[in-house]
Structures are given as C-alpha cells and as structure tokens.
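These notes are about the structure you will find just below.
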There are 2 protein chains.
Amino acid sequence: MAAASIGRREQNKLEKRGRIVAAARALFTYKGFEETTSQEIADAAGVAVGTIFTYARTKDDLLILVFHDEMLAVVERAYASARKSDGIQVQVVAFFDTMVAYHEQDLPLAHALMRQLGFVSSADQRALIGELMTSVLGKLAQLVDGAKADGQVGAAVPLMTAARSLFAIYYFHLGSMLSGYIDRTQFDRALRSGIGLLLTGLE
Amino acid sequence: MAAASIGRREQNKLEKRGRIVAAARALFTYKGFEETTSQEIADAAGVAVGTIFTYARTKDDLLILVFHDEMLAVVERAYASARKSDGIQVQVVAFFDTMVAYHEQDLPLAHALMRQLGFVSSADQRALIGELMTSVLGKLAQLVDGAKADGQVGAAVPLMTAARSLFAIYYFHLGSMLSGYIDRTQFDRALRSGIGLLLTGLE
DNA sequence: GCGGAAAAATGGCTGCGCTCAATTTGGGAC
DNA sequence: GTCCCAAATTGAGCGCAGCCATTTTTCCGC
C-alpha cells in the first residue's frame, strides 16, 4: 500500500491532467482552438481555470499536449504503412500520405498546431516537440537506411540530412496547403515532385 | 490641383500608415513583439488605438507589414550577392546567408515573424506573404535557371520544384535555429549539407 | 462658401488568457 | 487518531487585443 499511497497524489494529478487534455481535445475539435475559452475547458474538465495553468503554462501548450501522444502514434502508423511498399520514393510518399490523412481529419486544428511548431518558446514545448521531431526523423532515416541496403540510395548519403530534407519538403508544402495557398491536389503533386527531385538531385 | 486634392485623402492615409508601421517597427525592435502593446504603438504614432486596427486588422498583421517591404529588399540583396559567385551551390548558400544575416539582427523578431508565416489566416496576410514567397522563389528559380545554362543543373529539372525544395530546406533549418534546437554553427552545417544533398540527389 | 454625405478617427468597453494571494487537500511523523 | 507542512486547487482580478457607437474630417455639388 506504501507504493500505492505514494502514488495516490500522482495518480490524481495524472487523472486530472487526462481529463483536462481530453476536454481540450474535444472542445478544440468541436468549436476550434481560438473559439474555445480556458473557462470552457476548465468547466468541461471539472476544475477551476487556474488549475489548467498548472498543467499547461499557456493555452498553446495545451494544444501541443493534445497532439503529442496522437502524433507519436500516427508516426508509427505512417512508418508501418511505408514498410508495406517497395521503393524508397513510394515508401516516403506513403509515409507522408498517412500523416496528411491524419491532419485532414481536422484541418483548422492542424493549422493551429503548425503555428506552434513555428514558435517554440518554452523549454516544455521544446521537449515535447523535440520528441516528435526525433520520432519522425528517426523513422524517415530508417526508411532511407533500408533503401541503402538494396542500393536505391547511395552509401555515402548522410541519413539525418536526408531525413531532415525529406521532412522539410513535406513541412513546407503542408504549410502551403494549411495556409490556403494550394489545395490538396496541388499539395500531392508538389510533394511528389519535391521528393522525386530530392531523390534524383538537381545535377 | 484636382489630381492632388483627390490624392490628399490617400496622401494622409499613406503618411499615417507609415507612422504606424515605423512606430511598430521601432517598438518591436526596442522591446520585443509580445511586450509591445497596441496602446504604445498608437501613442508613438500619434493616433488612437482604434486607428491602428483600421490599417492592420490584428497586431499580427502589423508585424507582417513591418517585415514586408524590408524583406523584398533583402531578397534583392540576397540575389545580387548570389550572382557574384560562381557555381550553383555557392550561389544558393550565399543567397540564404544574406537572408540569415538579416534575421540575425533581431532574432526574437524573426522568431515572431516565423510564427505568422506558419499561420496565415486572413486574405490580407495571404496577399502580403504570397508576394514575399513569389519574390524569393522567383529569385531562386532564376539562379537554378542560370545554372542550367552552363550544365550544372539538368535541363529536365522543373525550376519551381527546385526553388521550393531549396527554400523548404532553408526554412526548416531556420525554424530549428529560431526555436532553439540548434545554434548558428549547426545551422550553417545543416543548410550546406541539405543543399548539397539536394544537388547530388539521394540515389 | 455652404450643406450634407461618406470616410476616417476615436476611445470606452468587452471578453479573453493568465496570475497570484488565499484556501483546501493529502500524507507522513508521532 | 491528530497535527502539521507542503503540494495542489481555487477564482476574483489584471492587462491585453480588438470592437463598435459616436464624433470629426474630408470631399463634392450647388
């Protein structure tokens, strides 16, 4: 019971944190990020407003918390989906398609998330987002590494540079779509041609 | 006098707009974007708070206005600087180095700008930022096109895809630096290796 | 000039995110 | 069981961006 009772306080905190994040998730989805007030989240989670800000320093942090766990899962799914295909290009496209499909479920929320990714301010945010980036880049690096084995990718290619460049291209075009510069069709085209060009090179 | 008197109203608006943007510019630089209040900008510009919001719908828009003209000029300088060199890789690096040097004058403000680039919400913003993007991508495309002439770049390479991919890599690493994931030295290395890889290709 | 209509400017007001002094809760020492 | 302290919770209050009913300025037909 000692271990359990020590855990009691932590247990409550964890459960409360879960309620807050779940409430935020639901409200963000239902009425949008900007349109949801801290008071509403607090009410839905059954806590006072002030309590929210002991679990997340800002409303923005809450958005990151909402995405964090889900995104890690999506990255795993994206990787699994990519592994089903053959050929590095098809694999990478499949990987990003899975991620886009996830974002397409709620484009406004994805748009709000993208704003935060471009403005990491606190150490908390840096840690959470850094974890996501490590996960995505790691999986992409694995795909590239796999392609090295069967000679699709040159042995001298630095894995992380390749992973970062692939992601950079995806990220840029995703932003263009979420900001309303291009539609989904144009996005697909742009992503494919960008990845294709990175594979063959300019020279 | 007819033409001038018709212009009088426009003249005043333009001059007032100039004062507001200049005041915002100075205050953002002096005490930071978040730390500057609309009231302070209004006082410095000699107008009422409400007036600001007839020239810019939000404080965010004001930030974009502040950068817009300067950025167009920086892109021109970056292009001029790139043309001095030979070899597409060196040119592209010189181009981005000029842009980074500009942002380095005020990293916090560059960071704030980056947040807006990732969250274009109004048609006004889309127009202003779209103009910047067109300018940057156009110049990059020109550099790539020039390199095509002397065979450094394959004739079949689509110019805009190349320009977008180059920019995407720059943008991604710039964001990493501004968000505090990497320092300037790592940025330089990452940018160069990313561009190098795009030139040679993964395959 | 003058009248009036349209455009621009104004600033008190509202609703928001977030703070912080005061209060409640939980858990160990005895 | 009781006491005590630290950790957790609370919500009224604060400062901010942005709104909008009112006032001021500008322009044109006469």
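Letters go in sequence order (proteins before strands), and every chain restarts at 1.
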For the pair made of CD in E15(B) and C1' in dT26(D), what is the distance, rounded to whole Å? 16 Å
Ignoring hydrogens and geometry, is there a side-chain-to-backbone donor-acceptor pair from K148(B) to L159(B) under 3.5 Å? no
Sequence neighbours excluded, which residues qualify as side-chain hydrogen bond (donor to acceptor under 3.5 Å, both in side chains) partners of D60(A)? Q116(A), R115(B)
Which residues share a ring pair (Phe, Tyr, Trp, His ring centres under 6.0 Å) with F187(B), sequence neighbours left out: none
Using a heavy-atom distance cut-off of less than 4.0 Å, which residues of residues 22-44 of chain A contact DNA chain D? none
Listed once per pair and sorted, the side chain to side chain donor-acceptor pair (under 3.5 Å) pairs that draw on residues 169-181 of chain A, sequence neighbours left out: none
I20(B) CD1 to dT10(C) C1': how many Å, rounded? 12 Å
Q186(A): which residues meet the side-chain hydrogen bond (donor to acceptor under 3.5 Å, both in side chains) condition with it, sequence neighbours left out? none
Using a 3.5 Å cut-off and no angle test, enumerate the donor-acceptor pairs between side-chain atoms of residues 65-81 of chain A and protein atoms at least two apart in sequence or in another chain.
from: H68(A); atom 1: NE2; to: E131(A); atom 2: OE1; distance (Å): 3.3
from: E70(A); atom 1: OE1; to: R25(A); atom 2: NH2; distance (Å): 2.7
from: E70(A); atom 1: OE1; to: Y102(A); atom 2: OH; distance (Å): 2.6
from: E70(A); atom 1: OE2; to: R25(A); atom 2: NE; distance (Å): 2.6
from: E70(A); atom 1: OE2; to: R25(A); atom 2: NH2; distance (Å): 3.0
from: Y79(A); atom 1: OH; to: R83(A); atom 2: NH1; distance (Å): 2.7
from: Y79(A); atom 1: OH; to: Q142(A); atom 2: NE2; distance (Å): 3.1
from: S81(A); atom 1: OG; to: T98(A); atom 2: OG1; distance (Å): 3.3

What is the separation between atom CZ on F53(A) and atom C1' on dC18(C), rounded to the nearest whole Å? 5 Å
Residues two or more places apart in sequence or in another chain: which of them pass side-chain hydrogen bond (donor to acceptor under 3.5 Å, both in side chains) with T54(B)? none
Rounding to an integer number of Å, can you tell me how far I52(A) CD1 sits from dC20(C) C1'? 16 Å
Could you list the residues that satisfy side-chain hydrogen bond (donor to acceptor under 3.5 Å, both in side chains) with E35(A), not counting sequence neighbours? none
Can you find a side chain N or O atom of Y55(B) that sits less than 4.0 Å from OP1 or OP2 on dA8(C)? no
Roughly, in whole Å, what's the span from NZ in K13(A) to C1' in dA6(D)? 12 Å
Below 3.5 Å between N/O atoms, which protein atoms pair up with nucleotides 11-14 of chain D? Just atom names and distances, please.
from: dG11(D); atom 1: N7; to: G50(A); atom 2: N; distance (Å): 3.4

DNA chain D contacts among residues 57-68 of chain B, heavy-atom distance under 4.0 Å: T58(B), K59(B)
Which residue, L117(A), L63(A), V120(A), forms the side chain to side chain contact (heavy atoms under 4.5 Å, CB included) with Q125(A)? V120(A)
Please list, chain by chain and in numerical order, all residues satisfying ring pair (Phe, Tyr, Trp, His ring centres under 6.0 Å) with F33(A), sequence neighbours excluded. F28(A)
Does anything in residues 111-142 of chain B pair up under ring-ring contact (aromatic ring centres under 6.0 Å, His included), and if so which pairs, sequence neighbours excluded? H111(A)-F119(B), F119(A)-H111(B)
